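Naming convention: chains lettered A, B, ... in sequence-line order (proteins, then strands); numbering from 1 in each chain. Every value quoted in this text rests on a predicted model; they were computed, and no experiment measured them.
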Amino acid sequence: MTAIRDEQIWEAARALGLDPWETEFEVVPANVIYDVAARALPGRYSHWTFGKSYWRQKWSYDQGHSRIYELVINTRPARAFLLEGNREIEHLLVKAHVLAHVDFFRHNLHFKDTDRQMDVLASVRADRIASYEAEHGREPVEEFLTACLAFEWCVDPDEPFDPQKPAKGKAAEREAGRAEERGTGKRPEPGAGFRPTRDILAFLLRHADHLEDWQRDILAVVRAESLYFLPQARTKIANEGWASYWHGQILRNLPLSDGEYVEYAKLNAAVTSPHPTGINPYHLGLAIMRDIERTYGKERLFEVRCLESDVSLIRNYLSREVIEKEGLFLWEVRRDGNLVVTESEDWEKVRNGLANSLANLGQPEILVVDPNHQGRRELLLHHNFDGRELHQAEALKALQHLYSIWQRPVTLRTVVNGMRTLLSYDARGPNTTSTGEAIRGYDRWSET
Amino acid sequence: MNWDLFRRGVLDQERHHELVREAVRKNLKELVSNSDLVVQEGGRKVRVPVRELREYRFRFAPEGQPQAGAATPRPGKGQVIGKLPAPGQGQGKGWGNDGEGGTYEVEIGVSDVAAAVFAGLELPNLRPREKIPDPSPELRVEEIRRRGPLSNLDKRRTVLENIRRNALEGDARFGGLLEDDLRFRVPEERPSHQDRVAAVFLRDCSGSMTEDRKYLSRVLAFWLLEFLRLRYRRAVETAFILHHTRAWEVDREEFFHLSEGGGTSMTPAYELARELVHQRFPPHRYNVYAFHFTDGDASDDDGRALTPLVSLAEEINLFGYADVTDGGPFTDRLYRLSRPPQLTIACVPDRSSVIDGIRTLLSPSGVKAP
């Protein structure tokens, strides 16, 4: 293998116009890489869900199914992990790929507010959470974390929530209690002008007054980390497309032998192959980037890297040519368990369908609309129905998690089998009630 | 950085496994009868396929949710491109489509599973019998196994095995020794006190015993042995007998896997079992439990079989006769018989009947009609 020094890779990248910042590469054994991959941040707190991801990755690896090719963290300096035992050509591909990712992290506007010292922060928070476990017991902490994580993606980066404000804690509660006794005041209510929000975690932080300080801290940690990861989740296709496009360009500009180049090509093909029942972000992203370059020129590529998220990339740049060349289509699961193609010929419908499925990270839009439902501090949520119904059993479980945090009954308005339905959870357990009102089309929350 | 001591991932994994084990304990019935239990050789852990614990959140129901795919040539509208496995069916080793809820194998202590399964099982006749105090407490018993230290090699059996295997290939003489031929005498710790327990397993390996029926036999034998281990809290000595029209002793591996063929006769099996018990597990010293797995499809003149069967049953703690179908001529005969309480009968036609079958077999007064 031609010995390629790291400086040569950097040089090649810069010569092509990429502008990543400092990146540290570490060669690590498999169990480390799978652990970091499972947590997404080295040093992050412990939770069984990470254990599950770790197990899954490692199991897959032990079965010879998949080897994580690249793992890079959005920090400054960026940190990238290479799998011990991989071949030189694999390391080379990963390094080139990673540099393009770091360039994306640096320049894409969706990342501008992310904290580039998040790995350090995560470590500090992990220690704090470990101390809570020591103090309050592992089970209560783990269960509370599980409940919070159920709403991991129920965050809104545009939510005007200031985590620095002192939270209303037990002190305020006691004060209000005394006020009540004195008969002078009402229970502190989140005011008549309550603004419905998608950010369930922020809502809980603001209004769940009964929480212990350690619980409040955990909620805040989960929210902060979610906001950190949000841009990565929103730009998966764009980022992988970007990195795949450039790793090809970089390797072409390195003094590889023909044999080495062939090896690279094989690796590349494996990573960027299409998937019949899903979207391979490497595959689709790369196809879109190539198409943009062909249609608009290289300059535009650099603009795209700055401005686009996956949804906007698809809406603005997923062209008919790409859809047809890559054989993109839409499919659905039917009740009989069959996976059936629903759109194939009509490329615009395919494009719009894909964009819609990516909106809101593919999650249903759930709003907290009333924190004092029925005047009894019950929680009312509303699902902004858009034709796609919720997984009912899971929604009830999620409501159970919410109940465990809010400690008062919680109700969700949604649509089941075309009927307005209230899913709720209280001390007696889950409940499903149909109102008998038929709902067709959209059902967005409006103040009435 | 030195990653040698890095164990966080493994520790997190442990957390997940613990939760899974909890969930497993809550769903043991289904697990015992429906899963392919994989018992590690010589180990006390069972690998049980379980679904991952789900992380619940607000999600779309899979039906009616448009998703994208890519394939060339592109499939046309209305084409079926795949199918989800039916609910309840395992997805085998692999991951679910939505990325969650795949199955993998988790290790659980066998005694944990057995304890949970058999909790509350009332078994009056399992009180140890009065035994004669063992005059030679140093006496150690030896099981014949396929693995063991070379110093314990049972040369005679090894040679016999080898000759037997060669004979099957048409050349009955000693030669071409393979690892599979080796047999070892593995000594078992023996309590010097009384209360020895032995389990004798008989299995019909005639042509009519299909894979399914063998599977049921395997599952039943596994759990019955486990129950005895749990109940007596000590090693249970075992012996395995296969029969079709003849009967012969085998080791555990063969018992579970061998298929032979031919017709069925119960008499030789019961006669051999009786002889074996008298020689190796004399009932005045042992608590003996015998179990027979068959499809009840013996020829009619097997009225002769009833004598050794009933005699044996009366001498030991329990004889459990398990028909792994929903009935056969010999089974019917047994049902009509006026039986001693130690002789129990159960029909276990499918996986979902396993748990109930085990209970019936282990309940001397109970009889379950098909």
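Interface residue A/Ile366: only side-chain heavy atoms are found under 4.5 Å from chain B. Only the backbone of A/Arg334 comes within less than 4.5 Å of a heavy atom in chain B; its side chain stays farther off. Proximity to chain B (any heavy atom under 4.5 Å) is shown, for A/Gln392, by neither the backbone nor the side chain. In this structure, chain B has a heavy atom under 4.5 Å from the backbone of A/Glu326, while its side chain stays farther away.
For the set A/Asn356, A/Asn338, A/Leu358, the count of heavy-atom pairs under 4.5 angstrom toward chain B peaks at A/Asn338. Interface check for chain B: of the options A/His401, A/Glu389, A/Lys397, A/Glu152, the most heavy-atom pairs under 4.5 Å are formed by A/Lys397.
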Intermediate values then yes/no, side chain to side chain contact (heavy atoms under 4.5 Å, CB included), A/Trp153 and B/Arg57: CA-CA 9 Å; A/Trp153 298 119; B/Arg57 46 193 69 188; 3.7 Å; yes
Stepwise side chain to side chain contact (heavy atoms under 4.5 Å, CB included) check, B/Arg74 with A/Ile323: CA-CA 10 Å; B/Arg74 183 167 55 181; A/Ile323 290 176; 3.6 Å; yes
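Taking CD1 of A/Ile279 as the reference point, atom CD of B/Gln67 lies at 10.0 Å (rounded to 0.5 Å). Within the model, atoms NE2 of A/His383 and CZ of B/Phe60 stand 5.0 Å from one another, a figure rounded to the nearest 0.5 Å.
Using a 4.5 Å cut-off on side-chain heavy atoms (C-beta onward), A/Ser357 and B/Gln65 make no contact. Inter-residue side-chain proximity for B/Gln79 and A/Phe329 is flagged as unmet; no heavy-atom pair is nearer than 4.5 Å.
Contacts of A/Phe151 classified as ring-ring contact (aromatic ring centres under 6.0 Å, His included), with partners at least two apart in sequence or in another chain: B/Phe58. By the ring-ring contact (aromatic ring centres under 6.0 Å, His included) test, A/His382 pairs with A/Trp445, sequence neighbours left out.
Looking at A/Glu345 and B/Lys77, no side-chain N of the basic residue comes within less than 4.0 Å of a carboxylate O on the acidic one, giving no salt bridge.
The two residues A/Ser344 and B/Gly76 have their closest heavy-atom pair at OG-CA, 4.0 Å. Closest heavy-atom contact between B/Thr72 and A/Gly327: CG2-N, 4.1 Å. Contact detail for B/Gly64 and A/Arg388: the closest heavy-atom pair is O-CG, 4.2 Å. The minimum heavy-atom distance between B/Ala70 and A/Leu328, with the atom names listed, is CB-CD2, 3.6 Å. Shown here for B/Ala68 and A/Leu354, the closest heavy-atom pair between the two residues is CB-CD1, 3.6 Å.
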